[in-house]
Amino acid sequence: MAKSSRRRGPEPVVETVDGGLAELIPDRDRAGGWTLLLDGAPQSHVDLEAPDRLTFEYQRRLGHVIDLAAPSGQALNVLHLGGGAFTLARYIAATRPRSTQQVVELDAALVQLVRRELPLDPGARIRVRGGDARAGLAKLPDAWADLVIADVFSGARTPAHLTSTEFLADVRRVLKPSGTYAANLADGPPLAHLRGQIATAAGVFAELALAADPTVLRGKRFGNAVLVCSAVPLPVAELTRRIAGDPHPGRVQHGRELADFTGGAVAVSDASAKPSPAPPASAFR
């Protein structure tokens, strides 16, 4: 009997890293697509053949923030707190060539895995540093970054020391006066963590916007929300239009609506900070 000539695609890669069990799952619908999972929780999706293609909802929302941070194609100085599979760093390298990017990732074994299996473009100006996100932030000079993106999870929870006023004050120090801070946050009902993070950011930045699935904002389910902050007015109308037009449409809150959503929550300090809540087991089904 003749052997089939059909070629098999790449196989999943599974390794234990510092933060748990990492799985790289090939996308059967796209030759260069891979999904990174940590302990079963989806972290990011990468398309090596089309790095300007973002799939996950929260990554698409952050992609819109990146697109609106400066005129199209303009190079940026970007700090990524949390690396994952470097999806957003790849996106910026593809859409804004000559950008200078620094990535701070605590999980050295994960960095090695991703670099080996999903290598970065050697021509991209992306520097990856190992270590704690807040410690890495502290090493950067004042007014260096056009954009700071925080996407840090440990065991599917944002560490407490990355949720405080003191942390955000250091983010503000590193940003240029017109720079933008964007954070991927996760919460579920009663949304106490998310409201606390908005109150904390409001004490540091003059302008805020929040983008999320409407069911998350109504406290109906656990999910991601992207908080965008700046000292200068944000492009809220265009951000709203783009996020509403996504395959999975989201909603943007700003101004009085966002203040009402915060509902009197108080700012978080280093002394009172707690990790974000753990997602329910049903969150990734």
> Distance only, no hydrogens: is a donor on one side chain within 3.5 Å (strictly under) of an acceptor on the other, for Thr215 and Arg221?
Replying inline: yes

> Taking atom types as modelled and ignoring hydrogens, do the side chains of His80 and Gln102 form a donor-acceptor contact shorter than 3.5 angstrom?
Replying inline: no

> Is there a chain of hydrophobic side chains (I, L, V, M, F, W, Y, each step under 4.5 Å between heavy atoms) that links Phe153 to Val148?
Replying inline: no

>> Please report the interatomic distance CG(Leu79) to NZ(Lys139), rounded to the nearest 0.5 Å.
In response: 12.0 Å

> Do the side chains of Leu37 and Ile25 get nearer than 4.5 Å, heavy atoms only?
Replying inline: yes

>> Could you report the tightest heavy-atom contact between Ser44 and Thr87, atom names first, then the distance?
In response: CB-OG1, 3.5 Å

> Are any side-chain N or O atoms of Arg53 and backbone N or O atoms of Gly33, one a donor and one an acceptor, separated by less than 3.5 Å?
Replying inline: no

> Nearest 0.5 Å, what's the NE2-CD distance between His64 and Gln59?
Replying inline: 12.0 Å

> Do His45 and Asp27 have side-chain atoms, one donor and one acceptor, less than 3.5 Å apart?
Replying inline: yes

> Is Val78 reachable from Leu239 through a run of I, L, V, M, F, W or Y residues, each pair having side-chain heavy atoms under 4.5 Å apart?
Replying inline: yes

> Can you check side-chain contact (heavy atoms from CB on, under 4.5 Å) on Arg251 and Leu217, steps first, answer last?
Replying inline: CA-CA 8 Å; Arg251 182 178 174 187; Leu217 293 175; 4.0 Å; yes

> Do Arg60 and Glu57 meet the salt-bridge criterion of a basic N to acidic O distance under 4.0 Å?
Replying inline: no

> Can you list the steps and then say if Asp107 with Glu105 is a side-chain contact (heavy atoms from CB on, under 4.5 Å)?
Replying inline: CA-CA 6 Å; Asp107 196 326; Glu105 172 58 56; 3.3 Å; yes

>> Do Pro159 and Val152 have side chains that approach each other closer than 4.5 Å (heavy atoms only, starting at C-beta)?
In response: yes

>> Nearest 0.5 Å, please: how far is CG in Asp18 from CD in Gln112?
In response: 8.5 Å

> Once you round to the nearest 0.5 Å, how far does CZ of Arg125 lie from OG1 of Thr100?
Replying inline: 3.5 Å

> Arg157 side chain to Ser276 main-chain N or O, any donor-acceptor pair under 3.5 Å?
Replying inline: yes

>> Taking atom CZ as the centre, does Arg256 end up with more than 12 heavy-atom neighbours from other residues, nucleotides or ligands that are less than 6.0 angstrom away?
In response: no

> Are the side chain of Arg129 and the backbone N or O of Gly136 linked by a donor-acceptor pair below 3.5 Å?
Replying inline: no

> Run the side-chain hydrogen bond (donor to acceptor under 3.5 Å, both in side chains) check on Asn77 and Asp146 step by step: do they pass?
Replying inline: CA-CA 5 Å; Asn77 286 354; Asp146 296 289; 4.7 Å; no

> Taking side chain as C-beta onward, heavy atoms only, is Leu175 less than 4.5 Å from Phe205?
Replying inline: yes

> Is any side-chain heavy atom of Gln101 less than 4.5 Å from a side-chain heavy atom of Arg127?
Replying inline: no

> Are side-chain heavy atoms of Leu76 and Ile92 found at a separation under 4.5 Å?
Replying inline: no

> Which heavy atom in Ser99 sits nearest to a heavy atom in Ala75, and how many Å separate them?
Replying inline: OG-CA, 3.5 Å

> In terms of hydrophobic clusters joined by side-chain contacts under 4.5 Å, are Ile149 and Val103 together?
Replying inline: no

> According to the interplanar angle, ranging from 0 to 90°, do the rings of Phe167 and Tyr181 count as parallel (below 30°), tilted (30 to 60°) or perpendicular (above 60°)?
Replying inline: perpendicular

> Looking only at heavy atoms, what is the nearest atom pair of Val268 and Ala273, with distance?
Replying inline: CG1-CA, 3.4 Å

> Once you round to the nearest 0.5 Å, how far does CZ of Arg241 lie from CG of Leu68?
Replying inline: 9.0 Å

>> Is there a side-chain contact between Thr165 and Val204 in this structure, where contact means two heavy atoms from C-beta onward sitting under 4.5 Å apart?
In response: yes

> Under 3.5 Å, is there a donor-acceptor pair between the side chain of Arg134 and the main chain of His161?
Replying inline: yes

>> Test your reading of the model: is there a side-chain donor-acceptor pair from Arg61 to the backbone of Phe56, 3.5 Å cut-off?
In response: no

> Hey, is NZ on Lys176 packed in by over 12 heavy atoms from elsewhere, all under 6.0 Å?
Replying inline: yes

>> Is the shortest side-chain heavy-atom distance between Val17 and Leu38 below 4.5 Å?
In response: yes

> Hey, any chance Val174 and Leu168 share a hydrophobic cluster, counting ILVMFWY side chains that come within less than 4.5 Å of each other, even indirectly?
Replying inline: yes

> Any donor and acceptor pair, going by atom type alone, linking the side chain of Asn184 with main-chain N or O of Ala150 inside 3.5 Å?
Replying inline: no

>> Tell me whether Val46 shares a hydrophobic cluster with Val114, the cluster being built from Ile, Leu, Val, Met, Phe, Trp, Tyr side chains joined at under 4.5 Å.
In response: yes

> Taking all non-hydrogen atoms of both residues, which atom of Leu81 and which atom of Ala133 are closest, and how far apart?
Replying inline: CD2-O, 3.6 Å

>> To check you understand the geometry: which heavy-atom pair defines the closest contact between Arg116 and Val13, and what is its length?
In response: NH2-CG1, 4.3 Å

> Hey, what do you get for CD (Gln197) to OG1 (Thr163), rounding to the nearest 0.5 Å?
Replying inline: 5.0 Å

> After noting the C-alpha distance and the side-chain angles of Arg195 and Thr262, does the key distance pass the side-chain hydrogen bond (donor to acceptor under 3.5 Å, both in side chains) rule?
Replying inline: CA-CA 5 Å; Arg195 292 187 171 100; Thr262 307; over 6 Å; no

>> So Asn224 and Asp187, do their side chains get closer than 4.5 Å, heavy atoms only?
In response: no

> Could you go step by step and tell me if Leu227 and Ile198 meet the side-chain contact (heavy atoms from CB on, under 4.5 Å) rule?
Replying inline: CA-CA 8 Å; Leu227 179 62; Ile198 298 167; 4.3 Å; yes

>> Quick one, Asp67 with Tyr91, criterion side-chain hydrogen bond (donor to acceptor under 3.5 Å, both in side chains). Give me CA distance, side-chain angles, the key distance, then yes/no.
In response: CA-CA 10 Å; Asp67 292 344; Tyr91 179 81; 2.8 Å; yes

>> Between Arg90 and Asp52, does any NZ, NE, NH1 or NH2 come within less than 4.0 Å of an OD or OE carboxylate oxygen?
In response: no

> For Gly223 and Val216, which heavy atoms make the closest approach, and how far apart are they?
Replying inline: CA-CG2, 3.8 Å

> Taking it one step at a time, do Leu194 and Leu210 satisfy side-chain contact (heavy atoms from CB on, under 4.5 Å)?
Replying inline: CA-CA 10 Å; Leu194 184 57; Leu210 184 72; 4.1 Å; yes

